[in-house]
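Notes follow once the structure below has been shown.
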Amino acid sequence: MEACDLQQAQAFCRILAETVGKLPAEVRGRLYRPAAENCVKGTALTGAVGRTKKPEV
């Protein structure tokens, strides 16, 4: 990714986070809950994070 593209992506994410942060807690919860559930079901609590063995190709 080129530096310009990276800066644009970072600015977008920052603005998005700031805007979402201004929403009422109930709305933020509805937005973040699916992502949190996927995180828990995915790698966050299953032990996949931090594995050092590379997958075989």
Side-chain angles (χ1 to χ4, degrees):
M1 181 178 273
E2 292 188 29
C4 181
D5 293 336
L6 179 59
Q7 288 175 342
Q8 287 178 338
Q10 288 172 330
F12 173 80
C13 290
R14 184 182 66 252
I15 292 167
L16 181 62
E18 290 171 359
T19 303
V20 169
K22 294 176 185 176
L23 295 171
E26 180 181 305
V27 176
R28 287 193 318 266
R30 286 195 309 256
L31 289 172
Y32 286 124
R33 183 173 178 92
E37 288 175 353
N38 287 337
C39 183
V40 169
K41 291 176 185 174
T43 60
L45 297 180
T46 62
V49 173
R51 287 188 182 164
T52 56
K53 184 178 178 181
K54 294 182 181 179
E56 295 179 18
V57 179

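Values in this document were obtained by computation on a predicted structure and should not be read as measured data.
With values rounded to the nearest 0.5 angstrom, Gln10 atom CD is found 12.0 Å from Ile15 atom CD1. To the nearest 0.5 Å, atom CZ of residue Arg33 and atom CG of residue Asn38 are 11.5 Å apart.
Around the CD atom of Glu37, the shell of radius 6.0 Å holds more than 12 heavy atoms that belong to other residues, nucleotides or ligands.
Glu18 and Lys22 are not joined by a salt bridge, as no carboxylate oxygen comes within less than 4.0 angstrom of a charged side-chain nitrogen.
Cluster annotation: Leu31 is connected to Leu16 through the hydrophobic network of ILVMFWY side chains, with a link wherever side-chain heavy atoms come within less than 4.5 Å.
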